[in-house]
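One structure below.
Chain letters run A, B, ... following the sequence lines, proteins first, then strands; residues in each count from 1.
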2 protein chains.
Amino acid sequence: MSIQKLIDSLQKHINLNRQEQEMLTDFLVLKIIKKKQFFLHEAQIAKEVAFVVSGCLRSYSIDQNGFEHILQFAPTGWWITDMYSFISQQPTHLNIDALMDTEVYLLSRQNQLQLFDKIPKLERYFRIITENSLVGSRQRLIDNLSLTASQRYANFCTTYPTLIHDLPQKLVAAYIGVTPEFLSKLRSGVAKSKKS
Amino acid sequence: MSIQKLIDSLQKHINLNRQEQEMLTDFLVLKIIKKKQFFLHEAQIAKEVAFVVSGCLRSYSIDQNGFEHILQFAPTGWWITDMYSFISQQPTHLNIDALMDTEVYLLSRQNQLQLFDKIPKLERYFRIITENSLVGSRQRLIDNLSLTASQRYANFCTTYPTLIHDLPQKLVAAYIGVTPEFLSKLRSGVAKSKKS
DNA sequence: CCCATTTCTTAACCTGGGTTATTGTAAACA
DNA sequence: TGTTTACAATAACCCAGGTTAAGAAATGGG
């Protein structure tokens with residue numbers, strides 16, 4: 001069953017007995033998001049956080065010139081939402097959509113907070129997950145401030161060796177923070193590599 | 001007493017009784033970090049997280065060209081550490097030092113984890129604090145990807161109206177991600193403002 | 001299987017912000 | 001009180017990466 005993927009993720013950090021697992025399951029909703037459909041759209045409120053069982057989601061913002069900036073890819077085993085909107089229940093400025101048909105478990109903020117009271121170990125799990133996300137987000141900031149585009153591209157290739165193959169280049173460009181044209185230039189080796 | 005600043009911060013999110021407050025206090029160490037002294041230095045391990053009672057700390061990384069990039073300012077009421085090193089107990093790549101004489105409470109990771117078991121409400125507090133940090137970090141990433149230097153400077157002025165006055169410009173530059181020379185150009189209005 | 005749409009590449013040109021250098025100014029400290 | 005050290009301003013020049021445009025290649029949906 002697909003719930004096993006989620007249980008596996010939990011067991012990496014905490015131990016739930018059968019009963020607790022079942023209680024958790026009661027608070028989740030399984031949903032299919034088809035390719036190009038939105039899980040969350042600008043100005044909506046992020047009522048839920050999603051755990052990806054299969055497929056892949058991405059979150060991105062659109063700037064005032066219409067350019068997309070990808071914040072996160074969420075392949076199998078990842079959680080995704082707009083944390084700002086999720087915790088404040090204010091309208092989001094982000095979009096989250098599916099890069100391919102994707103199966104997710106949805107957990108509403110309400111249910112999450114209830115679960116934290118009923119099963120404190122789950123609060124621990126999310127505390128740990130959030131700590132890890134913060135580390136990732138900070139590191140990405142550092143990379144954007146410190147590295148050249150070609151270094152960021154090299155990073156991406158080693159960090160997401162899977163994604164790099166079955167992802168259109170324009171999405172890679174929107175993640176590392178360059179135009180598709182410039183990424184193309186980088187890949188063709190025209191741009192001097194600055195000792196990568 | 002200076003511990004009151006910390007208690008105030010806690011009470012915004014959780015309720016601790018007298019006994020719990022005292023237990024917490026037993027796990028904290030009060031320390032003074034004098035101006036320009038380090039709380040954390042590259043290659044050390046972040047054994048503790050610091051709560052700033054008075055003064056101001058800053059965390060920054062140094063890139064391969066020797067440029068400093070400031071990740072966070074921590075004035076009164078803020079927590080600061082390198083989360084990566086703190087949770088993994090691996091050597092940090094960051095530096096954290098004092099911009100002025102600063103008084104902090106230190107909480108070691110060991111003590112923190114023990115407190116989480118003894119007072120689950122504290123795990124809740126840090127879960128919330130970490131969620132908020134993640135929101136801030138993500139927003140800063142978006143700003144760096146979407147905004148021009150002059151827009152980021154304007155943002156900084158409205159977000160940290162206090163800091164902007166008593167902070168040398170070179171530190172502001174190292175935060176918004178430009179050279180001090182260019183920030184100077186921005187401030188003198190020479191650079192076209194791109195309707196910001 | 002074909003046509004429409006999206007994605008990728010290339011190339012000429014442009015610009016936001018960096019680099020280097022100089023000069024002025026203001027704290028810190030002896 | 002002078003002097004050393006750090007900070008800020010300005011200016012001339014430079015370059016990583018963006019912009020525009022146009023054709024080639026891949027994709028996909030009917």
Which nucleotide in the list C:dC8, D:dT10, D:dC7 gets nearest to the side chain of A:K170? C:dC8
Closer than 4.0 angstrom, basic N to acidic O: yes or no for A:D97 and A:K34? no
Salt bridge flag under 4.0 Å for residues A:E131 and A:R127: yes
Mind calculating the distance between CG (A:L186) and P (C:dT9) to the nearest angstrom? 11 Å
Which distance, rounded to the nearest 0.5 Å, do you find between the OH of B:Y160 and the NE2 of B:H165? 15.0 Å
Could you state the CE-C1' distance from B:M100 to C:dA28, rounded to the nearest angstrom? 17 Å
Please give the angle, rounded to 10 degrees, between the axes at the start and the end of the helix from C:dC1-D:dG30 to C:dA30-D:dT1, where five pairs define each axis. 60°
DNA chain C: B:L183 or A:P168, which has the more 5' nearest nucleotide? A:P168
How many Å lie between CZ on A:R187 and C1' on D:dG17, as a whole number? 17 Å
In whole angstrom, what separates A:Q151's CD from D:dA16's C1'? 12 Å
Just the rounded figure in Å: distance from C1' of D:dA8 to NE2 of B:H165. 18 Å
5' priority, DNA chain C, between A:Q169 and B:R152 [closest heavy atom]: A:Q169
Establish, from distance only, whether the side-chain atoms of B:D82 and B:T92 form a donor-acceptor pair under 3.5 Å. yes
If you count the non-hydrogen atoms of other residues, nucleotides and ligands that lie under 6.0 Å from CD in B:Q110, is the total more than 12? no
Between A:F126 and A:W79, ring centroids under 6.0 Å: yes
Indicate whether any N or O donor in one side chain lies under 3.5 Å from an N or O acceptor in the other, for B:Q21 and B:N17. no
Does B:Q4 have more than 12 heavy atoms from other residues, nucleotides or ligands lying within 6.0 Å of its CD? yes
For residues A:R140 and A:Q72, determine if any side-chain heavy atom of one lies less than 4.5 Å from a side-chain heavy atom of the other. no
Across nucleotides 19-28 of chain D, 5' to 3', mark each nucleotide with B, S or - according to how protein heavy atoms within less than 4.0 Å reach it. BBB------S
Rounded to whole Å, the CG-P distance (B:N144 to D:dG17) equals 14 Å
Rounded to the nearest Å, what distance is computed from the CG atom of residue B:L145 to the P atom of nucleotide D:dG17? 13 Å
Which whole-number value in Å describes the distance from B:Y153 OH to C:dG17 P? 15 Å
